[in-house]
Amino acid sequence: MERGERYRNPTEVQMSQMVLPCHTNHRGELSIGQLLKWIDTTACLSAERHAGCPCVTASVDDIYFEHTIRQIQIMPPWQQQHGKNNVCVGQVVNIKAKVNRAFNSSMEVGIQVSYEDLCSGKQWNVCKAYATFVAQGKATGKMKLKPLAPQTEEEKMEHSIAAERRRMRLAHTDTLKDLLTNSTLQTERENGDCNTVVPAEKTRVESVELVLPPHANHQGNTFGGQIMAWMENVATIAASRLCHAHPTLKTIEMFHFRGPSQVGDRLLLKAIVNNAFKNSMEVGVCVEAYRQEMEVSRRHINSAFMTFVVLDQEGQPSTIPMVKPEAGDGERRYREASARKKIRLDRKYIISCEQTKVPLSVPWDQSNKVYLSYNNVSALKTLVAKTNWVLATEIDKVRMYTLEEDKYLSFRIEMSLCIDATQAFFLLSDLRQRHEWDRHYASAELVQQVDEDDMIYHVLSQTVSQENKPQDFVILASRRRPCDEGDPYVVAFRSVTLPTRPPNPEYTRGETMCSGFCIWQETAELTKVSYYNQAAPGYLAYVTTNIAGLSSDFYVTFKACERFLQKNKDEITVGLQNL
Ligand code: COA
Ligand code: ADP
């Protein structure tokens, strides 16, 4: 790179499109279907730039379009008076896509969409999306993509968290199935202030599309974006049939392309309103493919769920008529839509909020376990990827670093040990043993084994609070093995609340926002262990007294940790061999 030249990710692809009348819906706004096609094309080109061969869309994660609604204030007056939330003819859509991480044959592509008003020069972000593309390079067998080397802090963070998103994505169908079976399904509408009840049947849409060459890539595979656009079209018709108004798409739940479709295929798209809530409705869409008109067997290509709202003149959501589901599948979908609404809200709240905005008191329950665990690991990975850590003090190769950000002072303590990374990982992830080396811990009880890698502990601390009582903590510990060579082992901790462990008057309930270990196998013998803590002001004294040399507590604790690991490493190896 030349001096002064801005670094640019080699996989980054940009698309800028002027919105023309042919891209808009009946209200003169950019149609979401068109936007999905542009998003898919840009992302696919980025994936192909990295893969060096044709790629197909495997899935697109949830997309939230809320920002478009909020942007109404900064739209020029001539648009506001039409009550428009979307970009209109003459404005520009800018899409940026780059590969965040390559796995084996698949890649995660991050996509950023912004709108630009050429008259005022204003730009605003509309949505962020993540899509997975699979390389189709080999005629037989799976392709192994070359790894990606992230350069900037943001790229390192996205690269690291991509592994966590992939974990969640691949478990999505099972998670949803599990949550739907375990949810207490609600059958009554929460707000009965609407007398109109529309039979769901009246919203049913069935539409067929013939896949032609312009809908497909040069190998004849239908573009994922084209299918998404067709799905959005039938979903909008179904939603309009319920509300007799023009609905606005608010969220799209994950699209998973189960199987390919080619030029010449007929795609049968079916949509119906599954349930209507006070101000929103869920429309389900199902896509099947068949080759010839007489063919009876059909391939299931995709199913998706979209949430629509109806906005009034002021941009406020209007009340939506109730739906009466059909007996059988309709009633099941009606109940499942209610459950999905809760899941969606939990997920959006826990995942899309920045870590610092999620309150510490997030209650743990079965329905948000996957998202809290994601939030736990991704918060730590975000802290690890930060580049402005400063070495604050060092004693005998045990180093303490600090990171000052806004109201947070984070610290990291690091040392290299002669131990295997896997041994350190298992020993440090079990909080029941921590009192053996950390004098702040009195004891830890395993309250719930959520799954193989997520545990909830009730920790009693030795540290006395300002109220002159010892502290206790309820901590979710999430551990992850490396997804690839070069990745660390990660053990993340965050506070949660659990009904079975309410605050106890004998203790002051303490909270940890984000802390944990990252463990790197440096050489065959040496492992680097780093402890991270994003500390609220309460920890200030601990950090500053250590930095100022008034205490060497961090060194004493880490040396005790080293002795603990050395003492127990063989025991854990035997345990691992017996697994
Ligand atoms: N989301 C993200 N990635 C997924 C996924 C999902 N829901 N399901 C599978 N994958 C990934 C796997 O993790 C794997 O990645 P890796 O090689 O990096 O480990 C890769 O896809 C292949 O998975 P595999 O299990 O070997 O194959 P599969 O039989 O599940 O096929 C597809 C996956 C995506 C290739 C297959 O479902 C397909 O061809 N779908 C249609 C794709 C298409 O044509 N899209 C355009 C519109 S039709
Ligand atoms: P599920 O029935 O579990 O929701 P499907 O993949 O069968 O999953 O369907 C996805 C969605 O597509 C359904 O929730 C429904 O909204 C819509 N759908 C499915 N079949 C039809 C149909 N025959 N007519 C109209 N809409 C349908």
Side-chain angles (χ1 to χ4, degrees), residues 37 40 43-44 47 51 54-61 101-109 130-138 141-145 147 162-163 165-174 176-177 180 200-207 211 215-217 219-231 234-235 237-239 241 253-263 265 267-275 281-289 298-306 323 325-326 328-337 339-340 483-484:
K37 280 201 259 182
D40 182 63
C44 184
C55 296
V56 290
T57 324
S59 66
V60 181
D61 294 1
R101 184 160 185 154
F103 299 102
N104 300 306
S105 64
S106 69
M107 286 152 279
E108 182 192 274
V109 180
Y130 295 100
T132 306
F133 286 81
V134 175
Q136 307 264 289
K138 281 193 182 168
K142 248 172 105 165
M143 169 144 183
K144 176 73 190 147
L145 291 162
R165 278 191 291 263
R166 175 181 194 249
R167 188 177 192 272
M168 202 163 53
R169 202 173 283 138
L170 294 180
H172 180 255
T173 312
D174 290 341
L176 213 62
K177 217 184 284 165
L180 290 176
E201 183 57 27
K202 289 205 165 174
T203 70
R204 185 190 296 279
V205 182
E206 198 174 297
S207 177
V211 182
H215 305 133
N217 65 13
Q219 292 192 318
N221 289 320
T222 319
F223 291 123
Q226 179 62 67
I227 296 181
M228 292 192 279
W230 283 329
M231 290 170 87
V234 287
I237 298 172
R241 284 185 178 161
E253 199 143 296
M254 185 180 290
F255 277 88
H256 171 206
F257 292 96
R258 295 159 189 259
S261 98
Q262 276 92 25
V263 170
D265 275 347
L267 295 186
L268 185 64
L269 295 117
K270 296 181 281 186
I272 197 164
V273 175
N274 285 335
N275 199 340
M281 65 187 114
E282 183 199 270
V283 181
V285 193
C286 170
V287 186
E288 292 167 344
R298 294 182 188 141
R299 289 171 282 129
H300 186 189
I301 299 292
N302 205 324
S303 284
F305 302 97
M306 304 186 192
V323 281
E326 289 177 277
D329 272 348
E331 282 169 346
R332 171 182 59 82
R333 286 170 185 151
Y334 181 85
R335 289 193 304 273
E336 289 181 352
R340 267 191 299 268
C483 168
D484 223 331

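Quick caveat: nothing in here was measured; it's all calculated off a predicted structure. One-based numbering, in listed order, for ligands and for the atoms of each.
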So, taking the atom named CG in Leu269 and the one named CD1 in Ile301, what distance separates them when rounded to the nearest 0.5 Å? 10.5 Å
Atom pair NZ/OG of Lys144 and Ser105 - distance to nearest 0.5 Å: 9.0 Å
Verify the contact flag for atom 20 (C) of ligand 1, where contact means a protein heavy atom under 4.0 Å away. yes
Considering only non-hydrogen protein atoms, determine which one is nearest to atom 15 (O) of ligand 1 and report residue, atom name and distance to 0.1 Å. Ser106 OG, 3.0 Å
Provide the closest heavy-atom pair for Ser303 versus Met231 in the form atom of the first, atom of the second, distance. C-CE, 4.2 Å
Location of contacts on Asp329 toward ligand 2, heavy atoms closer than 4.0 Å: neither
Evaluate the 4.0 Å heavy atom contact test for atom 8 (O) of ligand 2: does a protein atom fall under the cut-off? no
If you have a sec, work out which protein heavy atom is nearest atom 2 (C) of ligand 1 and how many Å separate them, to one decimal? Ser59 OG, 3.2 Å
Hey, is ligand 1 close enough to Gln136 that some N/O pair sits below 3.5 Å? no
Got a second to check how far Ile272's CD1 is from Glu282's CD, nearest 0.5 Å? 12.0 Å
Would you mind running through ligand 1 and noting each atom that sits below 4.0 Å from a heavy atom of Arg169? 1 (N), 2 (C)
Any sub-3.5 Å donor-acceptor pair from Ser261's side-chain atoms to Ala289's backbone N or O? no
Shortest protein contact, atom 37 (O) of ligand 1 (heavy atom only): Arg258 O, 3.0 Å
Got Tyr130 and Arg166 here, is their nearest side-chain heavy-atom distance under 4.5 Å? no
Options Pro260, Ala289, Cys483, Gly224, ranked by nearest heavy atom to atom 44 (O) of ligand 1, top entry: Pro260
of all protein heavy atoms, closest to atom 47 (C) of ligand 1 is Thr222 O, 3.4 Å
Taking only heavy atoms of His300 into account, list the atoms of ligand 2 that are under 4.0 Å away from them. 6 (O)
Counting from 1 in the order shown, the ligand 2 atoms closer than 4.0 Å to a non-hydrogen atom of Asn274 are 14 (O), 15 (C), 16 (O)
Do the charged groups of Arg333 and Glu336 touch, with an N to O distance under 4.0 Å? no
Which residue from Asn217, Ile227, Asp40 reaches closest to atom 48 (S) of ligand 1 through any of its heavy atoms? Ile227
For atom 27 (C) of ligand 2, the closest protein heavy atom turns out to be Lys270 CB, 3.8 Å
Need the ligand 1 atom indices (1-based, order shown) with element for anything under 4.0 Å from a heavy-atom of Gly259. 40 (N), 41 (C), 48 (S)
Return the OG to CG distance between Ser106 and Leu145, rounded to the nearest 0.5 Å. 7.5 Å
What's the spacing between Asp61 CG and His172 NE2 if we round to 0.5 Å? 8.5 Å
What protein heavy atom is closest to atom 20 (N) of ligand 2, reported as residue, atom name and distance in Å? Arg333 NH2, 3.6 Å
Nearest protein heavy atom under 4.0 Å from atom 40 (N) of ligand 1, yes or no: yes
Right, does atom 17 (O) of ligand 1 have protein non-hydrogen atoms nearer than 4.0 Å? yes
closest protein heavy atom to atom 7 (N) of ligand 1 is His256 CD2, 3.2 Å
Of Met231, Arg204, Glu206, the residue with the heavy atom nearest atom 23 (N) of ligand 2 is Arg204
Measure the CZ-CD distance between Arg258 and Glu288 for me, rounded to the nearest 0.5 Å. 10.5 Å
Protein non-hydrogen atom below 4.0 angstrom of atom 25 (O) of ligand 1 present: no
Checking heavy-atom distances from atom 3 (O) of ligand 2 to each of Glu326, Arg332, Arg258, the winner is Arg332
I need the contact type for Ser303 against ligand 2. Using non-hydrogen atoms and a strict under-4.0 Å cut-off, is it side chain, backbone, both or neither? side chain
With a cut-off of 4.0 Å, which atoms of ligand 2 are near a heavy atom of Ile272? 15 (C), 16 (O), 25 (C), 26 (N)
Taking all heavy atoms of Phe133 and all of Cys55, pick out the closest pair and write down the distance. CB-CB, 4.1 Å
Looking only at heavy atoms, which two atoms of Ala235 and Met306 are closest? And how far apart? CB-SD, 3.7 Å
Under 4.0 Å from atom 33 (C) of ligand 1, can you find at least one protein heavy atom? no
Please work out, at 4.0 Å between heavy atoms, whether the side chain, the backbone, both, or neither of Ala304 comes within that distance of ligand 2. neither
Per-atom contacts of ligand 2 with Ala271, taking only distances under 4.0 Å to non-hydrogen atoms: 25 (C), 26 (N)
Among all protein non-hydrogen atoms, which one is nearest to atom 22 (C) of ligand 1, and what is the separation to 0.1 Å? Ser105 OG, 3.8 Å
Got Met254 and Arg169 here, is their nearest side-chain heavy-atom distance under 4.5 Å? yes
Taking Asp329 first and then Arg332, would you say they form a salt bridge - that is, a charged N and a carboxylate O separated by under 4.0 Å? yes
Residue, atom name and distance, where the atom is the protein heavy atom closest to atom 45 (N) of ligand 1: Thr57 O, 2.9 Å
Over 12 non-hydrogen atoms of neighbours within 6.0 angstrom of NZ in Lys202: no
Sub-3.5 Å donor-acceptor pair from the side chain of Asn217 to the main-chain atoms of Gln219, do we have one? yes
If you take the nearest heavy atom of each of Lys142, Lys144, Gln219, which one is closest to atom 23 (O) of ligand 1? Lys142
Under the 3.5 angstrom rule, does the side chain of Asp40 hit a backbone N or O of Lys37 as a donor-acceptor pair? no
Where is the nearest protein heavy atom to atom 17 (C) of ligand 2: which residue, which atom, and how far? Gly284 O, 3.4 Å
Below a 4.0 angstrom heavy-atom separation, can you tell me which part of His172, side chain or backbone, both or neither, approaches ligand 1? neither
So, do Arg101 and Cys483 sit near enough that their side-chain heavy atoms are less than 4.5 Å apart? yes
Quick look: Leu170 vs ligand 1, heavy-atom contacts under 4.0 Å, and the answer is side chain
With atoms numbered from 1 as shown, which atoms in ligand 1 lie under 4.0 angstrom from a non-hydrogen atom of Phe103? 18 (O)
Do any nitrogen or oxygen atoms of Val283 come within less than 3.5 Å of a nitrogen or oxygen of ligand 2? no
Does Arg166 have a non-hydrogen atom less than 4.0 Å from ligand 1? yes
Looking at every non-hydrogen atom in both residues, tell me the closest pair between Asn274 and Ala337 and how far apart they are. CB-CB, 4.0 Å
Validation row: Met281, Val323 side chains within 4.5 angstrom (heavy atoms): no
Nearest protein heavy-atom contact for atom 35 (C) of ligand 1: which residue, which atom, what distance? Val134 CG1, 4.1 Å
